[in-house]
Amino acid sequence: MPLESISLRKLLKIGFARPNRRQGALREIIRQDRARAAGPVDEGGDFYGPFWADAKAHVFGTRDLHEATTGRVADNWNRRRLYPLLRDGFLGWWNPYRRGTNEPFRLGPVQRTRFEVLSLASTVKVDNILSIEDGLGGLHYVYPYFAEAPALGDEAAQLGLWLLGRALPDLPADRLRLLDVFRGQAFSIADTALQGDEEERFHRMYAGLIQERNTLRGPPG
């Protein structure tokens with residue numbers, strides 16, 4: 001996934017990682033860019049995609065997340081450590097949240113978009129949102145963040161919520177949640193107030209990653 005066309009969750013993961021992890025992620029992007037330039041590349045499937053599909057199905061009552069996780073691990077032993085952690089984190093958030101939300105739960109309007117950062121000739125992808133319509137017709141939108149490290153902190157959450165609001169301007173900002181799935185912690189503007197300088201901080205973080213990637217990559221040729 002090129003740095004100039006990246007998902008919000010991955011951008012936050014790299015942007016707020018410790019220096020050694022950040023450089024490792026940028027070097028992997030450089031390696032993928034070079035392989036892509038040499039010809040078609042099979043980048044493999046999304047490790048987190050099957051889990052998130054199961055989590056959404058659990059919300060709407062068509063699948064049990066405990067059973068689904070057991071099945072996913074049986075199908076792919078590489079999931080045996082992280083999938084149970086994801087399951088426990090998600091349920092640690094969802095079970096209390098659902099008790100304060102009117103049942104039944106139905107699939108809400110699909111939300112998927114791209115946010116253009118024109119000054120950096122870059123695009124941030126916002127997809128795979130959990131969209132819930134509750135029993136009273138209220139809508140809830142949950143964007144997942146998947147990273148064992150770093151945890152999603154207030155600063156990263158502020159930038160993420162700011163971008164979600166800009167990328168999805170027709171949605172009520174107070175209905176947006178940014179969910180750190182591993183830790184079962186959700187962020188909203190009600191408990192993580194924006195400071196007003198998020199655009200500047202976001203641009204500085206993103207531009208810094210591009211500059212660091214370019215430095216690691218070295219001159220062309």
Side-chain angles (χ1 to χ4, degrees), residues 7-10 12-13 16 45-112 126-165 168 171-194:
S7 68
L8 174 58
R9 64 182 64 88
K10 187 168 184 180
L12 293 176
K13 176 181 177 180
F16 287 88
D46 178 4
F47 178 84
Y48 298 105
F51 168 81
W52 192 238
D54 293 338
K56 290 192 285 188
H58 180 88
V59 167
F60 301 117
T62 60
R63 195 172 303 165
D64 178 83
L65 190 55
H66 284 277
E67 295 177 0
T69 300
T70 299
R72 296 291 187 184
V73 171
D75 289 342
N76 185 340
W77 196 235
N78 291 329
R79 298 167 174 158
R80 67 187 181 278
R81 187 176 71 84
L82 294 184
Y83 267 42
L85 294 176
L86 289 165
R87 175 201 62 206
D88 294 346
F90 180 81
L91 293 177
W93 165 75
W94 171 245
N95 288 338
Y97 189 80
R98 72 187 296 274
R99 288 195 289 269
T101 308
N102 297 292
E103 297 189 57
F105 307 115
R106 296 178 292 273
L107 179 65
V110 174
Q111 303 295 334
R112 181 185 300 111
V126 177
D127 57 8
N128 231 334
I129 292 174
L130 171 58
S131 181
I132 306 167
E133 181 180 354
D134 66 27
L136 296 180
L139 294 169
H140 311 253
Y141 304 98
V142 184
Y143 181 79
Y145 170 80
F146 300 112
E148 194 174 13
L152 198 61
D154 285 346
E155 184 177 1
Q158 286 170 349
L159 300 192
L161 289 167
W162 169 81
L163 189 136
L164 288 174
L168 300 163
L171 302 186
D174 62 349
R175 293 288 180 164
L176 295 170
R177 299 288 184 277
L178 182 56
L179 177 64
D180 184 336
V181 181
F182 272 99
R183 281 150 283 270
Q185 182 176 7
F187 296 81
S188 70
I189 60 171
D191 50 43
T192 310
L194 302 189

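These values consider heavy atoms only, across backbone and side chains, with no hydrogens, waters or symmetry-generated copies.
Not a single donor-acceptor pair under 3.5 Å links the side chain of Thr192 to the backbone N or O of Asp154. The backbone N or O of Ile132 lies less than 3.5 Å from no partner atom in the side chain of Arg106, so there is not a single donor-acceptor pair. Although no hydrogens or angles enter the test, the distance criterion places a donor-acceptor pair under 3.5 Å between the side chain of Trp52 and the main chain of Asn128.
Separating the CG atom in Asp134 from the NE2 atom in His140 is a distance of 3.5 Å, to the nearest 0.5 Å.
Between Trp94 and Phe90, the ring planes lie parallel to each other; the angle is under 30°, not in the 30° to 60° tilted range.
Shown here are the salt bridge (charged side-chain N to carboxylate O under 4.0 Å, His left out) partners of Arg183, two or more places apart in sequence or in another chain: Asp180. The side-chain contact (heavy atoms from CB on, under 4.5 Å) search around Thr70 returns none, not counting sequence neighbours. Residues forming a side-chain contact (heavy atoms from CB on, under 4.5 Å) with Ala53 (at least two apart in sequence, or on another chain): none. Pro109 meets the side-chain contact (heavy atoms from CB on, under 4.5 Å) test with Gln111, Ser131, Leu139, Tyr141; sequence neighbours excluded. Under the salt bridge (charged side-chain N to carboxylate O under 4.0 Å, His left out) criterion, Asp127 pairs with Arg9, not counting sequence neighbours.
A heavy-atom distance below 4.5 Å is not found between the side chains of Arg63 and His58.
Between Ile129 and Val126, the shortest heavy-atom contact is CD1-CG1, 3.8 Å.
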N/O donor to acceptor pairs below 3.5 angstrom from side-chain atoms of residues 73-80, sequence neighbours left out:
from: Asn76; atom 1: OD1; to: Asn78; atom 2: N; distance (Å): 2.9
from: Arg79; atom 1: NH1; to: Arg72; atom 2: O; distance (Å): 3.3
from: Arg80; atom 1: NH1; to: Trp77; atom 2: O; distance (Å): 2.9

